[in-house]
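What follows is one structure encoded as structure tokens, with my remarks underneath.
Computed from a predicted model, the values in this text were never measured in an experiment.
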Amino acid sequence: MLENLSLMQVSKDSKIKNISGVIQNIIFYQQEYRELPTMLLKQFNRTFFTKSYLTDLIECTHLYIRMLDAYTKSNTLIVQLTKKVAKKKKKPAKKKKNLLSDREMQENVGW
């Protein structure tokens with residue numbers, strides 16, 4: 001898909017270039033799409049994946065980075081930030097004082 005998008009960008013037809021620009025804008029705007037190549041590289045495990053998968057993944061990441069670099073040179077990249085919601089800290093429970101009534105104290109002491 002990225003190779004097709006890259007070829008669309010260098011096309012002589014202006015409609016195809018415009019469509020490519022819109023698709024690139026969508027891909028590079030979403031944070032999930034920007035983090036996908038690095039996430040896949042980090043999750044690579046040679047016991048589960050083949051060497052050809054790693055080769056394809058590296059080539060795809062390289063193409064993605066080249067496209068992102070070219071896109072940022074010609075356009076301003078607007079980054080979508082996700083808001084991290086801070087967890088509220090629980091207030092420690094107040095210690096209840098053992099207030100015994102006079103009668104209970106007298107019973108406990110034995111008066």
Set of residues satisfying ring pair (Phe, Tyr, Trp, His ring centres under 6.0 Å) with respect to F44, sequence neighbours excluded
F49
What side chain to side chain donor-acceptor pair (under 3.5 Å) pairs are there with at least one residue in residues 39-51, not counting sequence neighbours?
N45-T47, T50-S52
Any K17 side-chain heavy atom under 4.5 Å of M8 side chain
no
Establish whether I65 and L41 are linked, either directly or via other cluster members, by ILVMFWY side-chain heavy-atom contacts under 4.5 Å.
no
Spell out, yes or no, whether I19 and I27 are grouped together once hydrophobic residues are joined by side-chain heavy atoms under 4.5 Å, including indirect joins.
yes
Could you see if L36 belongs to whatever hydrophobic cluster contains M1? Use Ile, Leu, Val, Met, Phe, Trp, Tyr and a side-chain cutoff under 4.5 Å.
no
Give every donor-acceptor pair under 3.5 Å between a side-chain atom in residues 56-64 and any protein atom, sequence neighbours left out.
residue, atom, partner, partner atom, Å
T61, OG1, L57, O, 2.8
Y64, OH, Y33, O, 3.4

Could you state whether L54 and M39 fall into the same hydrophobic cluster, counting links through intermediate Ile, Leu, Val, Met, Phe, Trp or Tyr residues with side-chain heavy atoms under 4.5 angstrom apart?
yes
N18: side chain to side chain donor-acceptor pair (under 3.5 Å) partners, not counting sequence neighbours
none
Output all residues satisfying salt bridge (charged side-chain N to carboxylate O under 4.0 Å, His left out) with D69, sequence neighbours left out; order by chain, then residue number.
K73
